Amino acid sequence: MSKWKAAVAACMALAGLQAAAQSAEAARIPVESFFKNPDIARPSLSPNGRFVALGVRSAATGRIQLAVMDTESMAAKVIASFTDGDVGRVDWVNDERLAFSIFNETVAPGGRPRYSGVLAVDKDGSNYRPVGGVFNVGSHDRRADYFFTTRNEWNLGDWSGTRLRRIDTRTGRDSGTIFPPGKTLVWVIDEKDEARVALTLDTHTEAALHLKNPKTDQWEKLEAFNPYERDVIYPLRLVGDKQLFVTARNGKDTLALHIYDLEKRALEPEPVVAVNGFDFNGGPIVRGGRVVGIRYTSDADSTVWLDADLKDLQKRIDGMLPGMVNLLSIPMRDGSPVALVRSYSDTDPGRFLLFNRATGKLTLLGQARKDIDPKLMGQLDLVRYKARDGLEIPAWLTLPKAGKGKKLPLVVLAHGGPWKRGGSWHWDSAAQFLASRGYAVLEPEFRGSEGYGFEHYRKGFRQWGLAMQDDLADGVRWAVQQGIADPGRICVAGAGYGGYAALMALAKDGDLFRCAFSYAAVTDLSLLFEPGWSSYSASYKAESMPVLLGEPDKDEALRSRTPLAMADRIRKPLLLAYGRNDTRVPTIHGVRLRDAVSKVNKDVEWVEYPEEGHGLTQPKHRFDYWERVEKFLATHLGK
């Protein structure tokens, strides 16, 4: 061997050792680092830009507390902290007062937080008051002490719309019911703080857009449509007296951002923003009564700035933080030099910074997850493959560090819903945890997933266990053909619908998969329709589920497209987990399947979390579940 070849071989061996060392180091990152509550969450600027409100995790309790930081002195103070609840969304009512939600991130639905709802407090922690409701509506620059909340209303167990309330956050006084034009799903408040636009859903197949005429104070219907058909109009934001920003298809396949002219009572034909290959998901950024930018998500989050100064600011920040998604938040009012920056990537959970335009200084407020080293995380890419009928399926592929070019053990994660978009380009705890243990992760956006156009969504109607299921199997075959996946080491997993898909994968395509793990898996579709066995409303079961899922009385095959009916074919290792308080997918789904599968399969692991519902809300349970998953995969796919 020549000296040159020997040197190259030595370098390659060293590189291999370094990659192996990095992979081993990544594998040592504790489960807790991936699944604990974030260290910093949801910061927001006061209207004048002088203060930042943010959620911070308590080192002592792990709870999310509310803190306020002075952007000039950088001094911070915790102003709200709870032993039995976590601070959620935070909004500034005005420069002196905040409203925030408290909910149980670490106590499950079976527990009882001290208070659940919206509360208000001054920025120094004084004048605390519960104000009820669910969340704040609108983000206008108010100088008064009131704001708007909504609350879902129910009648005999069926949803009857959302009630809009205007609340004085100091006195708690409700200004009275704002009468809706029907079963209102969405309210739009104008810049004078009047309810001007409403989207109603009088039945799940009959939606309508309404405008309140300021001259008559009466609601007038503008448009009517079926939410499950192509031509839909969803209101987002009212700017001025006549520009209503909406999402609409206007005859196209994908949703785009349009303006609905309230004076002409017509949709402007040319979109404001259209995203090739994706439904528009986002909205306008309004400051001082004018639209200064548009934020939206394609494969990743992006911002189109219409204001020249803000466009230059974005370019400047991107130059300082290359390779990252950098989302800028600016004060409601002019005069402040401060901009809040959320900077993240597929490998970086994110950090929050303050940029001072006057000094050019970029100051770190903190990291979302300080225990995560981005250099050890796996790369995420949006890939596309063809299903057996020719439909193109988008999918998110995460490869472990130094995992390219290798036939890796593969975990297929099926998202829940299933009528929602599964992912985007950002750090994800489950995918990155699996990648840190050496697994490739494929997350298909199977037909029926929203976000990729109407046809992709519509092709999932009534396809549970059929074409939707085939899309997962076709993704596995693609990954094998591409040399990504070792065909002998593939596992499938999910929660909710994703759990159903994982179990059906073993039943229908057992030759492709070595194992499956799931949380809150649907195992019997007929139970979703029956009273008392699902938290779906009666009207949703009667009007929406026949469109999306089928009609059990007319479709005999619907009952057979269930893991329970095919239990004798599920003979691969299985991990089943459920929350005992789950009302969406009660544990009867799991118990019946466990008992049926155990007759032919002795490799079934069962875990039930007594305090959990339709999600793992307590960190200790998240830790337990993913530790079980780690051992399960090591046993059945190999380390």
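Counting begins at 1 with the first residue of the sequence. All values reported here derive from a predicted model rather than from experimental measurement.
Asp471 places a side-chain N or O within donor-acceptor distance of the main-chain N or O of Arg447, the cut-off being under 3.5 Å. At least one donor-acceptor pair closer than 3.5 Å links the side chain of Arg42 to the backbone N or O of Gly88. A donor-acceptor pair is defined here as one N or O able to donate and one able to accept, closer than 3.5 Å; such a pair exists between the side chain of Thr523 and the backbone of His589. Side-chain N or O atoms of Asp509 include none that pairs as donor or acceptor with a backbone N or O of Leu512 at under 3.5 Å. Remark: the backbone N or O of Gly488 is paired with a side-chain donor or acceptor of Arg514 at under 3.5 angstrom. Between the side chain of Glu445 and the backbone N or O of Arg384, no donor-acceptor pair lies under 3.5 Å. Judged purely by atom type and a 3.5 angstrom limit, Asn601 uses its side chain to pair as donor or acceptor with the backbone of Lys572. The closest donor-acceptor contact from the side chain of Glu612 to the backbone of Gln618 lies under 3.5 Å. Within the 3.5 Å criterion, the main-chain N or O of Gly453 finds no donor-acceptor partner in the side chain of Arg458. Side chain of Ser160 to backbone of Glu153: a donor-acceptor contact under 3.5 angstrom is found.
Taking the charged nitrogens against the carboxylate oxygens, Asp86 and Arg57 have no contact shorter than 4.0 Å, which rules out a salt bridge. Here Arg622 does not pair with Glu32 in a salt bridge; the nearest charged N to carboxylate O distance is not below 4.0 Å. Note on Asp624 versus Arg628: salt bridge recorded, some NZ/NE/NH1/NH2 to OD/OE distance being below 4.0 Å. Salt bridge annotation for Asp373-Lys401: absent, with no cationic side-chain nitrogen under 4.0 angstrom from a carboxylate oxygen. Under 4.0 Å is where a charged nitrogen must lie from a carboxylate oxygen, and between Arg421 and Asp279 no such pair does.
Side-chain contact check for Ile484 versus Leu399: some heavy-atom pair is nearer than 4.5 Å. Contact check for His204 versus Ser539: side-chain heavy atoms found under the 4.5 Å cut-off. For the pair Trp154 and Trp159, the minimum side-chain heavy-atom distance is below 4.5 Å. Taking the side chain as every heavy atom from C-beta outward, Tyr344 and Asp301 approach each other to under 4.5 Å. At a threshold of 4.5 Å between non-hydrogen side-chain atoms, the residues Leu380 and Met377 do not count as touching.
A pairwise comparison of heavy atoms in Ser534 and Leu528 identifies CB-O, 3.7 Å as the closest pair. Nearest heavy atoms, Val597 versus Ile570: CG1-O, 3.5 Å. Heavy atoms only, all atoms of each residue included: Tyr439 and Gly638 are closest at OH-O, 3.7 Å. Listed here is the closest heavy atom pair of Ile490 and Val412: CG2-CG2, 4.4 Å. A pairwise comparison of heavy atoms in Ala387 and Ile393 identifies CB-CG1, 4.0 Å as the closest pair. Nearest heavy-atom pair across His456 and Pro394 is CE1-CD, 3.7 Å.
The aromatic rings of Phe225 and Tyr234 sit perpendicular to each other, their planes meeting at more than 60°, with 30° as the lower class boundary. The aromatic rings of Trp419 and Tyr457 sit perpendicular to each other, their planes meeting at more than 60°, with 30° as the lower class boundary.
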Open item on the list: Between Asp253 and Arg230, does the salt bridge (charged side-chain N to carboxylate O under 4.0 Å, His left out) criterion hold? Intermediate values first, please.
Closed with: CA-CA 8 Å; Asp253 183 57; Arg230 182 183 296 270; 3.7 Å; yes
Open item on the list: Would Lys459 and Asp389 count as a salt bridge (charged side-chain N to carboxylate O under 4.0 Å, His left out) here? Give the steps.
Closed with: CA-CA 11 Å; Lys459 285 181 182 295; Asp389 63 354; 5.8 Å; no
TODO: Walk me through it: do Tyr385 and Arg477 pass the test side chain to side chain contact (heavy atoms under 4.5 Å, CB included)?
DONE: CA-CA 10 Å; Tyr385 61 86; Arg477 295 187 175 97; over 6 Å; no
- [ ] Start with the C-alpha distance between Phe454 and Val232, add both sets of side-chain angles, then the distance that settles side chain to side chain contact (heavy atoms under 4.5 Å, CB included), and finish with yes or no.
- [x] CA-CA 10 Å; Phe454 179 72; Val232 297; over 6 Å; no
TODO: Dump the intermediate steps for salt bridge (charged side-chain N to carboxylate O under 4.0 Å, His left out) on Glu551 and Arg462, then the final yes or no.
DONE: CA-CA 9 Å; Glu551 299 175 84; Arg462 299 188 174 205; 3.4 Å; yes
- [ ] Starting from the C-alpha separation in whole Å, work towards a yes-or-no answer on side chain to side chain contact (heavy atoms under 4.5 Å, CB included) for Phe632 and Cys491.
- [x] CA-CA 10 Å; Phe632 179 82; Cys491 195; 4.2 Å; yes
Open item on the list: Set out, in order, the CA-CA distance, both residues' side-chain angles and the distance that settles side chain to side chain contact (heavy atoms under 4.5 Å, CB included) for His415 and Ser449, then state yes or no.
Closed with: CA-CA 9 Å; His415 68 72; Ser449 303; 2.8 Å; yes
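A centroid separation of less than 6.0 Å is found between the aromatic rings of Tyr452 and Phe278. Close placement of the Tyr500 and Trp464 rings is indicated, their centers lying within 6.0 Å of each other.
Rounded to the nearest 0.5 Å, atoms OG (Ser298) and CH2 (Trp425) are 11.5 Å apart.
Within 6.0 Å of NZ on Lys407 lie no more than 12 heavy atoms contributed by other residues, nucleotides or ligands.
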